[in-house]
Amino acid sequence: MRWRHGWVFHPGAAMDDTNALMGQRKAKLDSLRARGIDPFRNRFTPTEGCGEARARYAEGREVALAGRITAHRDMGKSMFLDLKDQSGRIQIYAQKNVLGDESFEVFRHLDLGDFMGVRGTMFMTRMGEISVKVQSFVILAKALRPPPEKWHGLADTETRYRQRYLDLMANDEVKRTFLLRSAVLREVRQFLHARGFVEVETPMMQAIPGGAAAQPFVTHHNALGCDVYLRIALELYLKRLLVGGLDRVFELGRNFRNEGISRRHNPEFTMLEAYQAYGDYETMMELVESMVCHVAQAVLGTLHIEHKDAQGNVTRTIRLDRPWRRVPYKTLVRDKAGPDWFEVAPAERRRRAVALGAEIAAEYADFEVTQAVFEKLIEPTLIDPVFVTHAPKELIPLAKTSADDPSTVDVFECCINGQEIAPAYSEQNDPLEQRERLEHQAGGEPQKIDEDFLVALEHGMPPAGGMGLGIDRLCMMLLGQDSIRDVILFPQLKPKPSSGA
RNA sequence: GCCUCGGUAGCUCAAUUGGCAGAGCAGUUGACUCUUAAUCAAUUGGUUGUGGGUUCGAGUCCCUCCCGGGGUACCA
């Protein structure tokens with residue numbers, strides 16, 4: 001069967017009711033309907049969440065609870081179920097002599113994974129488990145597929161990423177991670193709002209993708225009859241807003257880069273960029289430091305973050321205690337590669353870099369050799385936060401030159417957990433110098449120059465500090481995840497149309 | 001892109017040198033009205049990712065392709 005847009009529709013993908021387990025569940029669904037019960041047509045208003053009910057236990061208290069059935073223990077004429085919603089889990093207890101023969105028979109149509117609502121009274125079992133004695137119940141939704149295994153959870157990484165709902169259902173720690181990610185975003189916003197920053201939304205579809213040097217995704221607008229690009233950075237539009245008089249702006253949103261996928265890279269990722277008029281990169285240092293500490297304290301309640309391996313052993317501890325170290329780029333390089341690193345001949349630098357274990361491609365320029373030493377040998381060792389300042393001018397064409405060392409620019413790269421987390425600049429606001437650098441970057445292709453942005457600068461942009469912060473990497477650091485895929489709900493995977501997903 | 005490891009029942013995992021593809025959970029049937037990884041008895045369930053090859057015989061060895069993990073390259 002051919003679908004409209006040219007991709008092939010695989011009937012086996014979603015409709016493999018050849019599976020015996022599904023067949024049994026469908027038979028139960030039919031049996032319910034034959035009894036006049038449609039398990040997809042009920043509204044139910046719980047008095048509280050399952051976990052909340054447990055926390056507010058009172059013998060004999062009447063409650064109405066709804067959730068998914070996650071376990072059952074069948075005693076014949078009575079049955080225990082575990083009911084789970086976002087707030088937690090509670091045990092419910094159904095008895096044949098309370099519900100009656102007919103109703104108890106309906107109750108037995110329930111399977112693991114089904115949604116139900118119960119009304120009843122709370123009691124404590126002999127084993128001390130807070131439970132609800134069911135007076136009445138209603139089936140809220142039947143699950144036609146069985147849930148993952150109850151004890152080991154869902155382990156297959158591919159299924160976990162492709163069918164994240166199963167991962168969330170089966171693995172509580174995964175759900176916790178994503179709830180915490182949501183809290184991180186909330187606290188970032190709250191912090192910036194408290195400092196008078198205005199949240200804005202700028203175009204994701206751009207005629208000229210600027211603000212970074214990454215490969216963009218291309219798409220096409222039919223009515224306009226032109227190609228547009230998915231944005232690779234937020235920068236150029238936020239600076240237009242500085243020109244317009246929004247002195248403190250930020251945007252928290254998705255960037256798209258058409259590049260390799262790895263443990264640290266997803267093609268779409270969440271970026272925070274914030275600009276503060278009349279500030280500079282040192283203003284942004286204070287901002288980043290305060291913000292990350294605020295988020296850690298608010299979300300985790302601590303500034304000491306432990307990362308653990310699969311066995312639960314602590315593999316590293318990140319200490320966010322202030323003040324954070326501030327070190328010039330060249331100092332770090334000299335400490336690693338020798339105090340005379342910047343004095344020796346380029347060929348000698350190349351030789352030493354290889355001796356230190358950095359892979360140096362033949363076409364690397366001299367500054368790229370140094371950068372390779374930094375990226376491969378120094379950055380991975382920066383676990384506690386460090387502001388790496390005064391980067392070489394060649395690396396960052398869009399920042400202001402340092403007054404005290406004209407070969408460097410007024411920027412920092414904040415490294416935590418062995419990764420770049422947040423770069424910040426004293427933003428370039430000289431329209432002539434900016435034009436020169438953009439033209440250089442465009443390499444003789446004038447269609448790559450965002451002329452409207454340059455016009456905006458010519459109207460005058462206030463001096464400003466600007467920063468970007470990779471939210472996904474921040475979450476990896478704060479939540480102890482080694483892979484970006486474990487902090488993104490639906491990470492990019494290659495389509496697999498023939499799978500069961 | 002390259003290197004490397006992996007893909008076995010719905011889920012979690014076994015399978016010795018190439019020799020009958022197995023267990024737990026879930027499911028089904030039965031017993032049990034305070035269990036909680038409930039228990040006990042019986043039982044269903046497989047195109048071993050795909051396609052090919054070697055062999056009397058392939059989950060296992062060889063080749064192809066697909067998907068995934070890790071590394072590497074690319075990458076503000």
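Predicted, not measured: the structure shown is a model, and the values here were computed from it. Letters A, B, ... mirror the listed sequences (proteins, then strands); counts begin at 1.
Exactly one residue among A/Glu273, A/Glu427, A/Met291, A/Gln276 makes a side chain to side chain contact (heavy atoms under 4.5 Å, CB included) with A/Met467. That residue is A/Met291. Screening A/Asp167, A/Asp156, A/Asp486 for a side-chain hydrogen bond (donor to acceptor under 3.5 Å, both in side chains) with A/Tyr161, the sole residue that qualifies is A/Asp486.
Nucleotides B/G57 and B/U17 place their C1' atoms 14 Å apart, quoted to the nearest Å. Between B/G59 and B/G7, the two P atoms lie 14 Å apart (nearest whole Å). Of the C1' atoms belonging to B/U64 and B/G52, the separation is 7 Å, rounded to the nearest Å. Spacing between B/U36 and B/G45 at atom C1', rounded to whole Å, works out to 27 Å. For B/C5 and B/C63, the P atoms lie 12 Å apart once the distance is rounded to whole Å. Look at the P atom in both B/C40 and B/G24: the space between them is 11 Å, to the nearest Å. Remark: the separation of the C1' atoms in B/U8 and B/U12 is 12 Å, to the nearest Å. Rounded to the nearest Å, the gap between the P atom of B/C62 and that of B/U16 is 15 Å.
Aromatic ring pairs are classed by plane angle as parallel below 30°, tilted from 30° to 60° and perpendicular above 60°; the pair A/Phe137 and A/Phe107 is perpendicular.
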Between the protein and nucleotides 41-50 of chain B, list every N/O to N/O distance that falls short of 3.5 Å.
none

Report task. Show your working on side-chain hydrogen bond (donor to acceptor under 3.5 Å, both in side chains) between A/Ser131 and A/Thr125 and close with a plain yes or no. Result -> CA-CA 7 Å; A/Ser131 307; A/Thr125 67; 4.8 Å; no
Report task. Go through A/Arg108 and A/Ser103 one step at a time and tell me if the side-chain hydrogen bond (donor to acceptor under 3.5 Å, both in side chains) criterion holds. Result -> CA-CA 9 Å; A/Arg108 298 185 69 88; A/Ser103 185; over 6 Å; no
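Among the protein residues, A/Ile232 comes within range of no part of the nucleic acid, since none of its heavy atoms lies under 4.0 Å from any strand.
Remark: A/Lys393 NZ to A/Asp405 CG distance equals 9.5 Å, nearest 0.5 Å. If you take CD on A/Gln91 and NZ on A/Lys84, they are separated by 15.0 Å, rounding to the nearest 0.5 Å.
Checked by atom type and distance alone, the side chain of A/Arg25 pairs as donor or acceptor with a backbone atom of A/Ala143 at under 3.5 Å.
If you take CG of A/Leu21 and C1' of B/U28, they are 10 Å apart, rounded to a whole angstrom. The interatomic distance linking A/Leu493 (CG) with B/G7 (P) rounds to 18 Å, in whole Å. When rounded to the nearest whole Å, the span between CE of A/Met79 and P of B/U39 equals 16 Å. Rounded to whole Å, atom C1' of B/C11 lies 12 Å from atom CD of A/Gln163. The separation between A/Asp156 atom CG and B/U12 atom C1' is 10 Å, rounded to whole Å.
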Requested in this report: For RNA chain B, produce a single dot-bracket line, 5' to 3'. Pairs: Watson-Crick or G-U wobble, both distances under 3.5 Å. Symbols: ( ) within strand, [ ] crossing, | other strand, . unpaired.
Outcome: (((((((..((((.....[..)))).(((((.......))))).....(.(((..]....))).))))))))....
Report summary line: Readout for nucleotides 32-38 of chain B: B = base within 4.0 Å of protein heavy atom, S = sugar-phosphate only, - = neither; 5' to 3' it is BBBBBBB
Report summary line: Given protein heavy atoms under 4.0 Å, the one-letter contact record of nucleotides 70-76 of chain B, with B base, S sugar-phosphate only and - none, is simply SS-SBBB
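Taking the charged nitrogens against the carboxylate oxygens, A/Asp114 and A/Arg68 have no contact shorter than 4.0 Å, which rules out a salt bridge. The residues A/Asp430 and A/Lys400 are annotated as not salt-bridged, no charged nitrogen and carboxylate oxygen being separated by less than 4.0 angstrom.
For A/Arg33, the side chain to side chain contact (heavy atoms under 4.5 Å, CB included) partners at least two apart in sequence or on another chain are A/Leu29, A/Asp38, A/Phe40. Looking at residues two or more places apart in sequence or on another chain, you find a ring-ring contact (aromatic ring centres under 6.0 Å, His included) between A/Tyr329 and A/Phe374.
The cationic group of A/Lys133 does not satisfy the cation-pi geometry with A/Tyr93, failing either the under 6.0 Å distance to the six-membered ring centre or the 45° limit from the ring axis. The cationic group of A/Arg240 lies under 6.0 Å from the six-membered ring centre of A/Tyr237 and within 45° of the ring axis, placing it in a cation-pi geometry.
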